[in-house]
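Notes to accompany the following structure.
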Amino acid sequence: MSFFTDLAHQYIDGVWKAGSGSWDIIDFNPYNGEKLASITVATAEEVDQAYRAAERAQREWADTNPYARRGVFERALRIIEDREDEITEAIIAELGGTRLKAAFELHLTKEFLREAVHLALRSEGRILPSPGDGKENRLYRVPVGVVGVISPFNFPFLLSIKSVAPALALGNGVVLKPHQNAPVLGGSLVAKVFEDAGLPPGLLNVVITDIAEIGDALIEHPVPSIISFTGSDRVGRRVAMVCASHFKRAILELGGNSALIVLDDADIDYAVDAAVFSRFVHQGQVCMAANRILVDRSVQAEFTEKFVAKTAALKVGDPAEPGTHIGPLINASQADAVSAVVEQAVAAGATALLRGRTEGNVVSPSVLTDLPADSPVLGQEIFGPVALILPFDGEEEAVRIANDSPYGLSGAVHTADIERGVRLAKRVRTGMIHVNDGTVHDEAIVPFGGEKNSGIGRLNGESTVEAFTTQKWISVQHGRSRFPF
């Protein structure tokens, strides 16, 4: 596909070029195995070139009038709107995303670009009083300099732009490394959009590579002050350790094991709809997905029957077909891992109310219940179409089960009594939780992030300003200070 081959390059200092590594990343369509592109990996030397380019370009960019910076993001938004059909087909081809998923990702991407337009004007300072006579304390909010961004494979266009656009809008330079399973949507397409939008060369650089080639060079490098990473908690832990040892800030948006809680007074049909979407959107490859569905025992039978029926009716197969709900997982290792989770859980005593099949990278849904309390699957993130239904007796047990997880990213509570839902939601240790809704939500002005192993820091809105700027205190003495010697 020319779309992919045209973008199968590194983008460093405003130049599209081949990497000089010794091997290639092969970009495959996860549904049919078609080779989309071959990209020679960037080396640690090219990572250095990218960071040095961002460092040089950032100085002038930080001094650019923020109204002028804003124009870049307005143009980027129009470019995406004009190319929406083409990008939709790319999401289907590179990610195995359904048309519904593509529309969802593009909608949120445009929302975050609209927010970036406003962020360009949001670095506001303050003047604070002083106990010293004649002294004025000015507090400036300034760019951090250069930001390293590492994005994942599941929503790569959105999650790259979610960090890249605000960082640039606030006056920083950026080096972006996409996941090797989404090098175009997560990397070179982002660069192309901003290049066409008139972003000055060198400010945004894209290095398509892998830790096997560069080791920790991307996060150890002395130029970036912040690393924004979205991905697994296993890799996130490594990123955090390396950042800490080099006195860098890490913004970590990691995995989840979200609980969707159905109380005894919930609207069961509505809760089923929310749970099915929350578990199976994009084949369950979503950090906010409802891994565990907790149902009050008094409504368990009704909920379970309707949930299994709705899940069994989901259309599984070719993501290019308009009616498909569940397409392929991103690669064979993910498909094998999800299949193994089901096999191990059933072997350990779980009951499969629905048992999915694996054909290529396409894994159809499984629904498990009767899981032993010590089942390892209860504490892990399942990045695939597997739902766990867990009964509980009363709110206390629901809260205990929901909190019995190393993760704390998202969640949901369903009840006829909104304030009852809010009271319970406050007791669940998670960064985000929604009353009478699904678990999968992201809004451009609302703080997004998790607790425990689900990450460190927040993005979106004012949280993004905090993330990608720093504060600088400049005091002015209008009179004369008195010194003790």
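To the nearest 0.5 Å, atoms CD1 (I91) and CG (L106) are separated by 4.5 Å. Here the straight-line distance linking atom CD of E115 with atom CD of E443 works out to 11.5 Å at 0.5 Å rounding. Note that OG of S364 and CD of E359 are 7.0 Å apart. Values are rounded to the nearest 0.5 Å. Taken from OG in S22 to CD in E213, the straight-line distance is 5.0 Å, to the nearest 0.5 Å. Taken to the nearest 0.5 Å, the CG atom of L168 stands 9.5 Å off from the CZ atom of R69. Going from atom CZ of F303 over to atom CD1 of I389 covers 5.5 Å, rounded to the nearest 0.5 Å.
The backbone N or O of I227 sits nowhere less than 3.5 Å from a side-chain atom of K248 that would complete a donor-acceptor pair. The backbone N or O of Y31 sits less than 3.5 Å from a side-chain atom of N29, completing a donor-acceptor pair. The backbone N or O of I330 sits less than 3.5 Å from a side-chain atom of Q285, completing a donor-acceptor pair. Remark: side-chain polar atoms of R292 are paired, donor with acceptor, to backbone N or O of N257 under 3.5 angstrom. Checking side-chain atoms of T430 against main-chain N and O of S410 turns up a donor-acceptor pair under 3.5 Å. Between the side chain of E46 and the main chain of T43, a donor-acceptor pair closer than 3.5 Å is present. No donor-acceptor pair closer than 3.5 Å links the side chain of R70 to the backbone N or O of H118. Of the possible donor and acceptor atoms, one in the side chain of N205 sits under 3.5 Å from a partner among the backbone N and O of D13. Under a 3.5 Å cut-off, the side chain of Q180 and the backbone N or O of I25 do not form any donor-acceptor pair. Between the S225 side chain and the G145 main chain, no donor and acceptor come within less than 3.5 Å of each other.
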*In sequence, state the C-alpha distance, the side-chain angles, and the governing distance for R83 and F3, and then conclude on side chain to side chain contact (heavy atoms under 4.5 Å, CB included).*
CA-CA 12 Å; R83 300 184 67 182; F3 177 92; 3.7 Å; yes

*When you look at M432 and H441, which way does the side chain to side chain contact (heavy atoms under 4.5 Å, CB included) test go after all the steps?*
CA-CA 9 Å; M432 307 170 288; H441 292 284; over 6 Å; no

*asked:* Before you tell me yes or no, could you show the steps for N460 and F112 under side chain to side chain contact (heavy atoms under 4.5 Å, CB included), namely the whole-Å CA-CA distance, both residues' side-chain angles and the distance that decides it to 0.1 Å?
replied: CA-CA 8 Å; N460 302 2; F112 278 95; 3.2 Å; yes

*Pair K162-D442, side chain to side chain contact (heavy atoms under 4.5 Å, CB included): steps then yes or no*: CA-CA 11 Å; K162 182 176 176 176; D442 196 357; 2.7 Å; yes

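For the residue pair N291 and S258, no side-chain donor N or O sits within less than 3.5 Å of a side-chain acceptor on the partner. Checked by atom type, the side-chain pair H221/D48 shows a donor-acceptor distance below 3.5 Å. Side chains of S160 and S151: a donor on one and an acceptor on the other come within 3.5 Å.
In this structure the side chain of V190 never reaches within 4.5 angstrom of the side chain of P156, judged on heavy atoms. Taking 4.5 Å as the limit, some side-chain heavy atom of F229 sits within range of a side-chain heavy atom of L254. Counting only heavy atoms from C-beta outward, the side chains of P143 and Q58 approach each other to under 4.5 Å. Residues E94 and P183 meet the side-chain proximity criterion, which asks for heavy atoms closer than 4.5 Å. Side-chain contact between L378 and D404: absent, with no pair of heavy atoms (C-beta onward) separated by less than 4.5 Å. The shortest distance between side-chain heavy atoms of T369 and T304 does not fall below 4.5 Å. At least one side-chain heavy atom of R99 sits under 4.5 Å from a side-chain heavy atom of E89. Side-chain contact between K192 and Y11: absent, with no pair of heavy atoms (C-beta onward) separated by less than 4.5 Å.
Shortest non-hydrogen contact noted between L170 and V465 is CD1-CA, 3.9 Å. Shown here for R114 and L77, the closest heavy-atom pair between the two residues is CG-CD2, 3.6 Å. The two residues G33 and F28 have their closest heavy-atom pair at O-CD2, 3.4 Å. Scanning both residues, A57 and P201, for their nearest heavy atoms gives CB-O, 3.7 Å. The two atoms that bring V206 and P178 nearest to each other are CG1-CD, 4.1 Å, heavy atoms only.
The salt bridge (charged side-chain N to carboxylate O under 4.0 Å, His left out) with K110 is formed by just one residue from the set E81, E74, E84; it is E84. Just one residue in the list R279, K306, K310 forms a salt bridge (charged side-chain N to carboxylate O under 4.0 Å, His left out) with D273, and that residue is K310.
Taking the six-membered ring where the residue is Trp, F104 and F155 present perpendicular rings, their angle passing 60° and hence far from 30°.
Residues that satisfy the salt bridge (Lys or Arg N to Asp or Glu O under 4.0 Å) test with K452, not counting sequence neighbours, are absent from this structure. Here D233 pairs with nothing under the salt bridge (Lys or Arg N to Asp or Glu O under 4.0 Å) rule; sequence neighbours left out.
Between H414 and Y270, the ring center distance clears the sub-6.0 Å criterion.
With a 6.0 Å radius and a threshold of 12 heavy atoms from other residues, nucleotides or ligands, I445 has its CD1 atom at or below the threshold.
Here ring-ring contact (aromatic ring centres under 6.0 Å, His included) pairs that include residues 176-198, with residues two or more places apart or in two chains, are F73-F194, F153-H179.
Ion pairing of E451 with R458 is present here, as a side-chain N (NZ or NE/NH1/NH2) and a carboxylate O approach within less than 4.0 Å.
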